[in-house]
2 protein chains.
Amino acid sequence: MSDLLSVAKLAGVSRATAARAFSSPDLVRPATREKIFNAAQQLSFRPNKVAQQLRSQATQMIGVMVPSLDNPVFAEQLQAMEVAARASSYSLLVTTSEYSPSREEEIVEEMLRQRVDGLVLTVADAGNSAVLEKLRLENTPCLLVYNPPGNSGYASIGVDNNAAGADATRHLLTLGHERIGMVAGPLLQSDRAQQRYEGYRHAMRDAGFKPRPVVEMNRHTQADLASLTPELNGPDFLTAVICTNDLLAISLMGELQRAGFSVPGDLSVMGFDGIALGKHLYPSLCTIEQPRAEIGRTAVQTLLAMIRGESCTPAPLPHALRQGESVGIPTFRKSMLGTS
Amino acid sequence: MSDLLSVAKLAGVSRATAARAFSSPDLVRPATREKIFNAAQQLSFRPNKVAQQLRSQATQMIGVMVPSLDNPVFAEQLQAMEVAARASSYSLLVTTSEYSPSREEEIVEEMLRQRVDGLVLTVADAGNSAVLEKLRLENTPCLLVYNPPGNSGYASIGVDNNAAGADATRHLLTLGHERIGMVAGPLLQSDRAQQRYEGYRHAMRDAGFKPRPVVEMNRHTQADLASLTPELNGPDFLTAVICTNDLLAISLMGELQRAGFSVPGDLSVMGFDGIALGKHLYPSLCTIEQPRAEIGRTAVQTLLAMIRGESCTPAPLPHALRQGESVGIPTFRKSMLGTS
DNA sequence: TTGTAAGCGTTATCAG
DNA sequence: CTGATAACGCTTACAA
C-alpha cells in the first residue's frame, strides 16, 4: 500500500507538504494541492490511521463492553452508540463479557493496550468490581452504562432503577394488585436487578403490603415456569409479577399461556427495559421503558466530553411506564366490580 | 504511559532485550528476564498495540458491518463473532450501515484506513453493490454474511435462502395450505428476501399452485396489518403467510391477534431467521432457523483462514425448520376432517 | 508556502 | 545471550 512519501515524490513535493494537503489543505497553495491529490489518486493512496494514531497518541476509538448482545437492550444501545460515535468520527471496538468478571478483566486490559481513547462499560456489579478497581489507577476515561452510579465512583448513564422498580410496582398497586412478586435472573450478577428489587420492596411497604422474596431464575433471559408455580397456588397466590427484564417477562408469558394460564387474566406480567419487540406482541408487554437509544447516544457524548477533559456528572435519564395488554385488573377485583 | 525504553533503562538492559523478554522470553536469560518483568511492573508498563500494529503491518482487527443491531439476527451473529474473534486474539471494529449504500461506502473506506486485517460485511444487495466493486481493487480479504453468494464473486457464509424459502413453503403445503402468501420488508433492500421469495415461487409452482405477489411492508421489522387485509378477505383469502424475517412475523402475529384474528386459526404465520425469542412466545413462532451463532463463528474462522492466505470456498450452512404453534392446519381442512 | 528532521513505541536484522 | 540501529507511516516544530 502506497504511503505519503511516494505520493509526495510523485507530486514533486516534500512529505510534509503532502501531509499538509490532507490535514490542513488551506496551508498549501491550490496548485500544489491539486498535484498532490492527483498523485494520491494515481497511487490509490489511503492514509494510514495506525500511523496517525501512533504519532498523535490518540486512536479515536472507544472501547465498548456489554454483557451480551443476545439481549436486545444491549444491542439497541450499541446501535445508537455506533451512530453517535461515527457522527463524531470515532470508531467502536466492541466486546462482550458474557457476565464473567474474568473476561471483563481480559477485555479491559486488551482495550487499554489498544490505547482506546475511552471506555464504555456495563459490568456485572459496579459496587464490587475488580476491573473498575484496576481502572481507577489508569487515566483512560471510563463511563458506565446501566450500572447504578454511586456504588463505584464512576459516572454512569442510565435510569434510576430504584425509582423505576417502585413505579412499576405502584402501577400494579394502583390497578388493585396486592400480591405482587418479582422475578429475576441470577441476582448476584446484576446490580441493576437488585436496585429494581429494592424499589419494589419500598413501594410495597409504602402501600402496607409485605414484599416477597425474589423468585430467582437460572438464566437471565429465560423464565422457567416451575420455579414460579409454588407462588401461583395456595391461598396467597400472586396476581401479578414484575420481571427484571423483558426477555424474562416475554418467555414467562409464553410459558404461562402454554400451560393454560391466561395473561393477564390469571396473572399480570410486567417487564423491564422496553425492548422494541415488546410493543408488537399480543398481549403487548407492559414494561418500564429505558430510553435505550438515548442512553447510547448520551453515553458516547458524555465520554467524548470526558476525553476532551471536561468533567461532567451525568444525571439519570428518565424512564417511562409503557402500558401494555399483559397487565390487567386482578381477578378478585374484577368480580367485585361485576357484582357491586 | 511508560514505554519499553523506560522499562529497559530501569532494568539496566537495552530496549531490544526488553522487547525480547516479552515476545520470545526464552531467548533471554531468566535472571535478566526477571529484572525486566519487575521493572515493567513497577512502571505499570503496558505494551502499545498501535505501535505493534504499525511495526508489524497487521492490526489483528476485523471490521464488521451489519445493517442494524436492532434486529436480533445480526446481534446474535455478532455475539458469536466476538467470542470467536477473541478466542483467536482478534478484535472487532463494529459498524452499522442502516441499509444505506452511502454509509456502506464510508464505513468500508474508514475500515481500510484503519488497516483492518479483513472485513465481514452484510450488504444490502451483493449483486449490485458499489462497495463490493471498490473492494475488488483492494487486497484486504472480505467475506459476506447472509448475502447470497454467487451474485458477487465474494465468498459468503449463510444458508441457501432459495432452498429455505422452498422448505418453508412446502411445510405449509404439506399441512394442506394452498393459498399461501409472502410478506417482506422493502424488497430492493434485501437480496436474501428476494431469494426466499424465489424459493417460495418455485415450491408453489411445483405443487401446482399459483404463487402470489409479495406483500411489501414499509419497514423491515414491523408489519402493518392494513397492507395485508385485502389478502385476508374475498373468496381467495390466504390461509398462511411466510414472512421474510422473524420480527416481521412476530409483529404481524401481534397485529392479527389484536384485530381479533386467531393465529393459527384464521391465519398461519411463519417467520424466517429463528431468533431466540421466537421459541418463547405464545403461540411460538414457526420459522426457518438460520444457525446464527454458527454463521458468526464460521465467518470469523473463514476470514482468518483467508487472512492467513488460505483460499477457501465455504459451503452453505444448513437451515432447519423450527416447528411452532403459529402454524396449523388450514381451516377448511379442519372442518373437512371434522365432518368426514 | 514549503522543506528538514525529529519523533510516536515497536520489532527485526545484524553484529558482538 | 545482548546491544545498536533501522524501519513502520505519519505529524509537527522549526527553518528557509
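The structure presented is a predicted model; accordingly, all values stated were derived computationally and were not measured. Just so you know, these numbers use all the heavy atoms, side chains as well, and skip hydrogens, waters and symmetry mates. The chains referred to below are lettered A, B, ... by the order of the sequence lines, with proteins before strands, and numbering in each begins at 1.
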Point to revise | Atom-pair distance (CG on Asp26(B); C1' on dC1(D)), nearest Å | key: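 Result: 12 Å.
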Point to revise | Atom-pair distance (CD on Gln60(A); P on dC8(C)), nearest Å | key: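 Taking atom P of dC8(C) as the reference, CD of Gln60(A) is at 20 Å.
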Review point. Given Lys134(B), which of Glu105(B), Glu109(B), Glu104(B) fulfils the side-chain hydrogen bond (donor to acceptor under 3.5 Å, both in side chains) condition?
Key: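 Only match with Lys134(B) under side-chain hydrogen bond (donor to acceptor under 3.5 Å, both in side chains): Glu109(B).
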Practice item. Given side-chain hydrogen bond (donor to acceptor under 3.5 Å, both in side chains), test Gln53(A) with Gln114(B) step by step and report yes or no. Key: CA-CA 10 Å; Gln53(A) 288 162 347; Gln114(B) 181 61 65; 2.8 Å; yes
**Study point:** Interatomic distance, Leu304(A) atom CG to Asp117(A) atom CG [nearest 0.5 angstrom]
**Key:**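 CG of Asp117(A) is found 9.0 Å from CG of Leu304(A).
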Side-chain donor-acceptor contacts of residues 16-30 of chain A below 3.5 Å, not counting sequence neighbours, with atom names and distances?
unit_1, atom_1, unit_2, atom_2, d
Thr17(A), OG1, Ser14(A), OG, 3.1
Ser23(A), OG, Ala19(A), O, 3.2

Review point. For nucleotides 8-16 of chain D, read 5' to 3', which letter fits each nucleotide if B means a protein heavy atom sits under 4.0 Å from the base, S means only the sugar-phosphate is that close, and - means neither?
Key: BBBBBB---
Point to revise | Close side-chain approach of Tyr90(B) to Leu303(B), heavy-atom, < 4.5 Å | key: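 No, every pair of side-chain atoms sits at 4.5 Å or beyond.
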Review point. Under 4.0 angstrom, heavy atoms only, what part of the nucleic acid is Val50(A) near: base, sugar-phosphate, or nothing?
Key: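 Here Val50(A) touches no strand at all.
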